[in-house]
Structure formats: C-alpha cells, structure tokens
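Following: one structure in structure tokens, then a few remarks.
If you read the sequence from its start, that first residue is 1, and numbering goes on from there. Each ligand, and each atom within it, is numbered from 1 in the order the structure gives. Model, not experiment: these values are computed from the prediction.
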Amino acid sequence: MKYDYLIVGSGLFGSICAYELKKKGFKILVIEKRDHLAGNIYTEDSNGINVHKYGAHIFHTNNKKVWDYINNFAEFNRFTNSPIANYKGKLYNLPFNMNTFYQLWGVKTPKEAQAKIEEQKKLYHIENPKNLEEQAISLIGKDIYEILIKGYTEKQWGRKATDLPPFIINRLPVRFTFDNNYFNDKYQGIPIGGYTQVIEKMLDSVEIRLNTNFFDDRQTYLNIANKIIYTGPIDQFYDYKYGTLEYRSLHFENETINEPNFQGNAVVNYTEFDIPYTRIIEHKHFDYVDTKHTIITKEYPKDWKIGDEAYYPINDDKNAKLYEKYKKIADNEKQIYFGGRLAEYKYYDMHHVIEKALNFTNKLA
Ligand code: FAD
Ligand code: UDP
C-alpha cells in the first residue's frame, strides 16, 4: 500500500482529517473531483473582493476549542451577520427580534410583542408542532410566518412548509431585544483573506490530486491506501442500491457592478415566493473592503438530480430512513470511514464539521 489514508474530498472535513493524520505521521493522499480545494467554503479573490463561490459562509460557534482551532489557520475579522429581509419591497430586520416586531406591528416593548405573538398563536392550538409551518407559527405567530418564512422556505426547499421537518427553523433565533445578530453564538467572523487559505494551510505538504473523481477509478483507489476517508454522498458510494437520497441544489448568478455599494448589507433575503432567488449576497461587506466596484450573487434554489452539486440534505422522514439503511452498511466497513455533510447526510455548519473531524481523528491510531 502506497498510502496509509486516502481522503476523498478536500472540503473542511477531509482537510482537517488530512492535517491531523499527517501530524500523527501518516502518509496521506487527498483526491478532489473539482478543479480547486476547499469544497463549499471555497472563496476566490476577484480584484480585491473575496467571492464566496458556493454561497455566503459566516463562521460561528459557541465552542472555544473549535474557535481556537480554526484561528490557527487564519486571523478572523469581527463580522456579525445581520441579514435584511425584503418582502414585496418592504424591509425587515432578521432574525426575528424587537426591530422586526416594531416594523411589523408598531409594538415598542417586549411585553407588547409577546402579547401580539401569543394572540396569534392562540388561534392555532398547536401543542406539538409536527412540521415547519406548525413550528414557525407556534414560535412567532402567523404574520411573521406568512411574510418572512413561508415563501422563502417553500422556494428554498421546493416543498410545502407542512411537508418539512420542524427543526430547520430552529436555527433562527427569536429575541425580545433590539438585536439583529443572526446567530446566538459567542464567536463569529470571517477569515481575513478568505476561506481557501485556511484549507491551503491545512493541506500544505499533503499530496493532492485535483480533477480526480474517486468513481472514475474506484478499484485503483480502493487498493492504493490502507484506509479511506470518504466525504462524498454516501448513497453514491453504494451505487444508490437502496435508492437515491434527495438534496436541494443551488444555482449562483454573479454580477460585477460599477458602483461601490449595491445593497448596503452582505445579505438581503427575498422572502416572497414569486421572486425566484432566496438571497442576494454582496461579498465586499463580509470583509469591509474599499473598492470602486462591487460583486453580488443571486442564489437560486433548484431541484437536484444525480450529477448536480448536492448542497442541502433533505432530512425528512423518508430520507432519514433511507440514510439509516446506508449508514448500517457503512458502520460495518472495516477500512472505510464516512464523514462530513454529504457522507453523513446532515445539515452541518462549519463548526459542526470541525468538531466531528477532530473527534474522529483523535480516535484514529
Ligand atoms: P464539502 O464542502 O461538500 O466537501 C466535500 C468535497 O468532496 C467537495 O470538495 C467535493 O467536490 C468532494 N467530492 C465529493 N465526491 C467526490 C468524489 N467522488 N471524488 C473526489 N472528490 C469528491 N456553514 C457555516 O458554518 N456558516 C455558513 O454561513 C454556511 N453557509 C452555507 C451556505 C451554503 C449555500 C451551503 C451549501 C452551506 C453552508 N454552510 C455554512 C455549510 C458548510 O458549507 C459545510 O458545513 C461544510 O462546507 C461541509 O464541509 P464538508 O467537507 O463536509 O463538505
Ligand atoms: N428562513 C426563512 N426566512 C428567512 C431565512 C431563513 O424562512 O429569511 C428559514 C428557511 O426555511 C431556511 C431556514 O430558515 O431554510 C434556515 O435558514 P438559514 O439562514 O440558517 O439557512 P442556510 O444559510 O443554511 O441556507
């Protein structure tokens, strides 16, 4: 065997594994089907602006160990994500907080806001929310659900909110303070100079082959290393033998504009169903750079089919059951490990992936 570990995929999970295993003295090969490193956190410098090529990535965590770890690879700025929502031309603050309640109902105190939400919730008698719609209404009432959640969610996921699991919406804070910080986490920021350098540092002196798809020469790759860490879709690894796990895909449309400031904020969400994109990202506001031009990206959700980039796992009951079938055979593999957003079919953020990868590599002798 030429290598101790073959790592399939150079995203955050694969790259941390490569870095940690290399430190332990193992011989590693990383293969990556794309023509660049870093998976979905890839950023590219375009005339002084770091463009998040696969959607906006804001790092946030409550875990000091994870924060200290990632700070070994880059210095982070103090970016605080405060998206704006645009519904039928009117602007609202996100996440749902006193600013939003004031904009919507004119209420000025937490007591007034709570009373308004209670009044709306009472009409629905939801005891145990069974789907995203019920969860949203029981958290913040009907008005916010209809203006800021329903349309966005249904275009994002390509399904009725009543057919989606409640947990998707639990990511968003509901606050009775005037605080537009999208995350509750203690640590938050963007690496100065972009994310790609983080991965480059992790993979410094590791052997890497880009434009190399594991499935183009599966047998060779299975024989090249003692162990394999696979970070691609788990169902593809098993030739979809139990069926295909469903994903949501995205289409990104980038535009360079000859003005310094297009929308005054890094993220503006378009929450009505009839606008086909979910958000417009203006990349320069992540880094506070001073340029005469700006670059924006419109993010269009789309159906996924085999061959498309799989961005979001759809963790409903049907897919969860199918994933469990694949996981059962994966758990019995002796030489192949599955990790990351695609191989574990989980809606992981970057901090989850770091935690998972560090726990995993700690256990490997
Ligand atoms: P990936 O980044 O998907 O890496 C997997 C790699 O494996 C890819 O490079 C792929 O090309 C490669 N690969 C797959 N199959 C093969 C094969 N057969 N052969 C060779 N290579 C293969 N997280 C946050 O914390 N904050 C955010 O703001 C945030 N925003 C997001 C926005 C969007 C639109 C999306 C989609 C995700 C966002 N995330 C965010 C989540 C974040 O992207 C993930 O947690 C993280 O990138 C997952 O890393 P990974 O290594 O598991 O997967
Ligand atoms: N969401 C919404 N309206 C918004 C923003 C988010 O309804 O303006 C819902 C939507 O269902 C989305 C989920 O909350 O999928 C999680 O949002 P988040 O911004 O965390 O999504 P991500 O950045 O992972 O795409």
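- Looking at ligand 2, you won't find any N or O of Thr271 less than 3.5 Å from one of its N or O atoms.
- By the 30° and 60° cut-offs, the orientation of the rings of Tyr300 relative to His251 is tilted.
- In this structure, the protein non-hydrogen atom closest to atom 28 (O) of ligand 1 is Ile58 N, 2.8 Å.
- The cationic group of Arg34 does not satisfy the cation-pi geometry with Tyr42, failing either the under 6.0 Å distance to the six-membered ring centre or the 45° limit from the ring axis.
- For the ligand labelled ligand 2, residue Arg279 lies inside the 4.0 Å heavy-atom shell.
- The protein atom (non-hydrogen) at minimum distance from atom 47 (O) of ligand 1 is Ile41 CG2, 3.6 Å.
- By the 3.5 Å distance cut-off applied to N or O atoms, Leu148 is counted among the residues near ligand 2.
- At least one heavy atom of Thr212 sits closer than 4.0 Å to an atom of ligand 1.
- Atom 11 (O) of ligand 1 has as its closest protein heavy atom Glu32 OE2, 2.6 Å.
- Contact analysis puts Tyr312 in contact with ligand 1, with a non-hydrogen atom separation below 4.0 angstrom.
- Relative orientation of the Trp105 and Phe101 rings is parallel, given thresholds of 30° and 60° on the angle between their planes.
- Protein heavy atom at the shortest distance from atom 22 (C) of ligand 1 is Lys33 CG, 3.7 Å.
- The shortest N or O to N or O distance between Tyr152 and ligand 2 is not under 3.5 Å.
- Residues Tyr230 and Gln236 form a side-chain contact, since some pair of their non-hydrogen atoms from C-beta on lies under 4.5 Å apart.
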